[in-house]
Amino acid sequence: MPELPEVETIQKGLLQIFESINTPIGNVHRSSQSLRFPWPRNFCKEISGQRIVNIYRRAKYLVFETSGQDFICHLGMTGNWRLDENRAITKRPHDHLFIELGHKKVLIYNDVRRFGFFDFVDAGHLELSRWFSHLGPEPLDSETFHAEYLFVNSRKKQTSVKSFIMDQRLVVGIGNIYASEVLFRSGLRPTGKAGRLSRESCQNLVRAIREVLSEAMAQGGTTIKDFRAAGGSKGYFQQKLMVYGRDEQECRVCGSGIRKKRIAGRSTFWCGRCQNR
DNA sequence: ATTTTCTCCTGCATGC
DNA sequence: TGCATGCAGGAGAAAA
């Protein structure tokens, strides 16, 4: 489900919940089903009783820094968190993890498709973890992610520009929705070869990535199907989508028809007139 | 080595 | 109504 803006929205919501409740993790239970991978050994027992020191985002991962064992949560396609004030009434299908927080409050991880997962990590040395060692820079960090970086790393790449920017080894956080949106804003065809990007196009790409992700975060993410912030609120960026899911509709800028095509197995949307480079 | 396709899973829309 | 098919926001493994 979630790309960078959605994960960031959930991270902010979770942090707010822990700060407002301000109590150590109570009892923890999980479903008997595995998620994408089997649950870490003694997962519930290990995190029970720990105090949350911080929750932050790296790429599309949530990192929970605790007084004991640090852990991560990847949301896969359909992972989501919600806070239940009265668990007995609101248990839902596909609930997989229950974290009790004080009086009758339960933080619940729900994941319909079970592509998400949890694992223990050392938050102080994330880059050593198998989940983080290959990840590229954060798109909003101008020190490490900039036009020249894109230009240099795109040389001789035969893959499409769209697949290129979705490669988490290059830059993290861009998934299938925002890839189309970013390319619309930068005026680039998604099918173009990455290796042919000019310096100017790289500059436009970097700017578009920063703008689109920032604006989406400000809107609380994109709610296409069922995304909700941890507090339960919807995202509103879907109202600003220019191309994603708009095939057969008119371009909001020039009025020509939005096209749709599968690139590397993923649906891709663009305007043939506005995106001509 | 690089790039695309397959795979994991469930739910929903579509078409016959 | 039932059943088959395809598709959905991720990403590692396998295949090409």
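Chain identifiers are assigned alphabetically (A, B, ...) following the order of the sequence lines, protein sequences preceding nucleic acid strands; residue numbering begins at 1 within each chain. Atoms considered below: every heavy atom in the structure, side chains included; atoms not considered: hydrogens, waters and symmetry mates.
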Checklist entry - Which of these passes side-chain contact (heavy atoms from CB on, under 4.5 Å) with A/F64: A/V121, A/L14, A/I47? => result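 Running side-chain contact (heavy atoms from CB on, under 4.5 Å) over A/V121, A/L14, A/I47 with A/F64 returns exactly one hit, A/L14.
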
Just the rounded figure in Å: distance from [atom2] of [N] to [atom1] of [X].
X	N	atom1	atom2	answer
A/F164	B/dT3	CZ	P	10 Å
A/F117	B/dT7	CZ	P	21 Å
A/M166	C/dG9	CE	P	8 Å
A/D111	B/dC9	CG	P	12 Å
A/F115	C/dG10	CZ	P	11 Å
A/D167	B/dA1	CG	P	16 Å
A/I177	C/dC7	CD1	P	17 Å
A/L35	B/dT10	CG	P	12 Å

[X] side-chain proximity, nearest of [options]:
X	options	answer
A/R262	C/dG10, B/dT10, C/dA8	C/dA8
A/S267	B/dT3, B/dC9, C/dC7	C/dC7
A/E3	B/dT5, C/dG10, B/dC9	C/dG10
A/H74	C/dA11, C/dG9, B/dT5	C/dA11
A/S163	B/dT10, C/dG9, B/dT4	B/dT4
A/K60	C/dG10, B/dT3, B/dG11	C/dG10

Checklist entry - Between A/S180 and A/K162, what is the shortest heavy-atom contact and its length? => result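 Closest pair (atom of A/S180, atom of A/K162, distance): OG-CE, 4.3 Å.
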
Taking only side-chain nitrogens and oxygens of [X], does any of them come within less than 4.0 Å of OP1 or OP2 of [N]?
X	N	answer
A/T159	B/dT4	yes
A/R113	B/dG11	no
A/Y244	C/dG9	yes

Item to check | Derivation of the salt bridge (Lys or Arg N to Asp or Glu O under 4.0 Å) call for A/K240 and A/E215 | outcome: CA-CA 9 Å; A/K240 305 211 168 176; A/E215 289 170 24; 5.9 Å; no

Quick one: look up who [N] pairs with, Watson-Crick or G-U, both distances under 3.5 Å, and put none if it's unpaired.
N	answer
B/dC9	none
C/dA15	B/dT3
C/dT1	none

Next on the checklist: Are the side chains of A/R189 and A/L183 in contact, using a 4.5 Å heavy-atom criterion?
Outcome noted: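 They are not in contact (no side-chain heavy atoms under 4.5 Å apart), so the answer is no.
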
Next on the checklist: When you compare the side chains of A/T222 and A/Q238, does any donor N or O come within less than 3.5 Å of an acceptor on the partner?
Outcome noted: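 No, no side-chain donor-acceptor pair sits under 3.5 Å.
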
For nucleotides 12-14 of chain C, list the nitrogen or oxygen atoms of the protein found under 3.5 Å from its nitrogen or oxygen atoms, one pair per line.
{"residue": "C/dG12", "atom": "O4'", "partner": "A/R36", "partner atom": "NH2", "Å": "2.9"}

Inter-nucleotide [atom1] distance ([N], [M]), Å rounded:
N	M	atom1	answer
C/dA11	B/dA1	P	23 Å
C/dA8	B/dT3	P	23 Å
B/dC6	C/dG6	P	12 Å

Item to check | Donor-acceptor contact present, side-chain A/E3 to main-chain A/Y178, <3.5 Å | outcome: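 Yes, the answer is positive, given that a donor and an acceptor are paired below the 3.5 Å cut-off.
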
Checklist entry - Are A/F37 and A/W131 close enough that their ring centres sit under 6.0 Å apart? => result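 Here the rings of A/W131 and A/F37 have centres that are less than 6.0 Å from each other.
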
Item to check | Heavy atoms of other groups near A/R41 CZ, more than 12 under 6.0 Å | outcome: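 Not buried by this count: 12 neighbours or fewer within 6.0 Å.
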
